[in-house]
Engineer: 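Right, I'll just put the structure down here and ask away after.
Given the structure is predicted, the values throughout are model-derived calculations rather than measurements.
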Amino acid sequence: MVGEYIKDGLFYPFWSGQSRDWHEHAHTFEDVVEWLLRNPFMFSINGFEEYYSNQEQRILHKLQEKLVADLGHKANIETEKNSKNIILIRHGESSANAGLPTSDPEDIPLTEKGKEQAEGVVKKIPFYPKMIIASPFVRACHTAEPTVQRFTDSKFEVWPEVREFTYLAPVTCIGTTTEERKARVAAYWDAADPDYVDGEGAESFRQFMERVRVTLQKLKEFPCNNIVVFSHEQFIRALLMEQGDSAFQNADMIEKMRLFRCGRRIANAEINWLKGLKK
């Protein structure tokens, strides 16, 4: 959910949950703090820093840090009664996200901003994880590093299943930017062919969704409870839709492609809860 407040004609947006729908406008800084108090684990101004003064950023950061530290243990006890605690974290900003040309999708690095986001993620994890899982792609592993270093007793595993969806053959994208690939991306989704494979190193949408299904099953059967998964925007979106969106669950594969294409965006370093997986 995106919330915002307007004061003296200024616009102050912030993330406040899993949905990207707009919330009603608030009109004071106190109202923004109230949103933070309601759910410090999901609140974020990631990507919106330019709208805030340095002082406002410091106030929100310090308050959120203390709230997460104080409430994390309590939240852990309450949520683990009925279901597994699983959070999905998208990697920090990568060079591709910053508009730079890239080659192998597996080796795209984090930017300096992405590294800072990875450090910030650690402070927002609301429980002590028993398992930390990461995609084998460099940007996901590097985002996970500060969390692995902080929670030294947690087990760490790399799961190939949670890698990003690569639907354009990597060899055809060498040295290109996201902007330069836009026409090909649009053509892929316009075709809505769930069995199309672009070439070596690419996979079909059907194969991608099978990975999603396998991952959900592994998480359901996994013996431990508190799990953190570092992955990618498209994979996280697919997990959330396959687990919690009945229209998506019941759609055929072509309709799934259409629904998925219109799914909400997930920001770099954004945290989402994967709900509904019972112990």
Side-chain angles (χ1 to χ4, degrees), residues 2 12-15 18 20 41-54 56-58 60-62 64-65 68 87-125 132-151 156 158-160 162-185 201 228-239 263-272:
V2 179
Y12 295 81
F14 56 88
W15 303 117
Q18 292 191 26
R20 289 298 180 92
F41 305 117
M42 293 294 116
F43 182 92
S44 174
I45 60 171
N46 179 33
F48 297 132
E49 291 88 351
E50 64 186 281
Y51 293 95
Y52 292 82
S53 70
N54 290 335
E56 289 167 336
Q57 291 185 50
R58 285 195 297 271
L60 294 173
H61 174 73
K62 291 295 184 183
Q64 184 175 38
E65 190 175 69
V68 168
I87 56 175
L88 311 173
I89 303 175
R90 186 189 177 193
H91 61 79
E93 182 188 73
S94 69
S95 58
N97 300 145
L100 300 175
T102 58
S103 295
D104 189 337
E106 296 185 21
D107 296 331
I108 297 173
L110 295 178
T111 62
E112 288 304 311
K113 179 179 179 180
K115 294 174 183 177
E116 292 174 4
Q117 290 171 333
E119 294 288 346
V121 158
V122 179
K123 302 171 184 177
K124 298 180 182 179
I125 294 176
I132 301 169
I133 298 165
S135 153
F137 286 14
V138 167
R139 55 195 184 276
C141 284
H142 285 182
T143 303
E145 280 181 3
T147 300
V148 173
Q149 291 169 2
R150 175 180 176 183
F151 299 107
F156 174 62
V158 174
W159 284 15
V162 305
R163 67 188 183 277
E164 184 58 303
F165 179 30
T166 302
Y167 52 85
L168 298 181
V171 69
T172 67
C173 301
I174 294 174
T176 63
T177 65
T178 301
E179 182 66 28
E180 291 169 335
R181 295 190 293 272
K182 270 188 175 180
R184 292 186 62 202
V185 168
V228 178
V229 181
F230 288 88
S231 186
H232 307 264
E233 180 177 21
Q234 293 183 107
F235 192 84
I236 292 172
R237 184 195 307 164
L239 274 180
R264 73 174 183 85
R265 301 299 304 273
I266 296 173
N268 292 118
E270 181 180 328
I271 297 175
N272 285 273

Engineer: Tell me, please, which residues at least two apart from E145 pass salt bridge (charged side-chain N to carboxylate O under 4.0 Å, His left out).
Structural biologist: none
Engineer: State which residues pass ring pair (Phe, Tyr, Trp, His ring centres under 6.0 Å) with F235; sequence neighbours excluded, sorted by chain then number.
Structural biologist: none
Engineer: Working to the nearest 0.5 Å, report the span between CG of N268 and CD of E93.
Structural biologist: 6.0 Å
Engineer: Which atom pair, heavy atoms only, marks the closest approach of A134 to A144?
Structural biologist: CB-CB, 4.2 Å
Engineer: Side chain to side chain contact (heavy atoms under 4.5 Å, CB included), that's the test. Do Q234 and Y167 meet it? Break it down for me.
Structural biologist: CA-CA 11 Å; Q234 293 183 107; Y167 52 85; 3.5 Å; yes
Engineer: Ion pair present between K113 and E116, side-chain N to carboxylate O less than 4.0 angstrom?
Structural biologist: no
Engineer: Between R237 (side chain only) and R264 (backbone N and O only), is there a donor and an acceptor less than 3.5 Å apart?
Structural biologist: yes
Engineer: Between atom OG1 of T178 and atom CG of N97, what is the distance when rounded to the nearest 0.5 Å?
Structural biologist: 7.0 Å
Engineer: Restricting to non-hydrogen atoms, name the atom on C173 and the atom on L168 that form the minimum distance, rounded to 0.1 Å.
Structural biologist: SG-CB, 3.8 Å
Engineer: With a 4.5 Å heavy-atom cut-off, do H91 and S135 have their side chains touching?
Structural biologist: no
Engineer: Considering all heavy atoms of both residues, which atom of I174 and which atom of S103 are nearest to each other, and what is their separation?
Structural biologist: CG2-OG, 3.7 Å
Engineer: Looking at I266, is its backbone amide N or carbonyl O close enough to the side chain of E233 to form a donor-acceptor pair, meaning the two atoms are under 3.5 Å apart?
Structural biologist: yes
Engineer: Kindly give the heavy-atom pair with the smallest separation between Q57 and Y52, and that separation in Å.
Structural biologist: NE2-O, 3.4 Å
Engineer: Looking at S95, is its backbone amide N or carbonyl O close enough to the side chain of R139 to form a donor-acceptor pair, meaning the two atoms are under 3.5 Å apart?
Structural biologist: no
Engineer: Hey, does the side chain of E119 reach the backbone of P146 with a donor-acceptor pair shorter than 3.5 angstrom?
Structural biologist: no
Engineer: Checking F230 against I132 for the side chain to side chain contact (heavy atoms under 4.5 Å, CB included) test, could you report, in this order, the C-alpha distance in whole Å, the side-chain angles of both residues, the deciding distance, and whether it holds?
Structural biologist: CA-CA 8 Å; F230 288 88; I132 301 169; 3.8 Å; yes
Engineer: Write down the atom of R90, the atom of I236, and the distance for their closest heavy-atom approach.
Structural biologist: N-CD1, 3.5 Å
Engineer: What is the distance from atom OG1 of T102 to atom CD of E180, rounded to the nearest 0.5 Å?
Structural biologist: 9.5 Å
Engineer: Where do L110 and Q117 land on the side chain to side chain contact (heavy atoms under 4.5 Å, CB included) test, with the steps shown first?
Structural biologist: CA-CA 10 Å; L110 295 178; Q117 290 171 333; over 6 Å; no
Engineer: If we ignore hydrogens and angles and just use 3.5 Å, is the side chain of T176 paired with the main-chain N or O of R181 as donor and acceptor?
Structural biologist: no
Engineer: Is the side chain of T177 donor-acceptor paired with the backbone N or O of G99 at a distance under 3.5 Å, no angle test?
Structural biologist: no
Engineer: Report yes or no: does R150 contribute a side-chain atom to a donor-acceptor pair with the main-chain N or O of V122 at less than 3.5 Å?
Structural biologist: yes
Engineer: Indicate the atoms forming the closest heavy-atom contact of G92 with T143, along with that distance.
Structural biologist: N-OG1, 3.0 Å
Engineer: Please report the C-alpha distance between F151 and I125 in whole Å, then the side-chain angles of each, then the deciding distance to 0.1 Å, and finally whether the side chain to side chain contact (heavy atoms under 4.5 Å, CB included) criterion is met.
Structural biologist: CA-CA 11 Å; F151 299 107; I125 294 176; 4.1 Å; yes
Engineer: Roughly how far, to the nearest 0.5 Å, is OG1 of T147 from CD1 of I89?
Structural biologist: 5.5 Å
Engineer: Measure the NE2-CZ distance between H232 and R163 for me, rounded to the nearest 0.5 Å.
Structural biologist: 9.5 Å
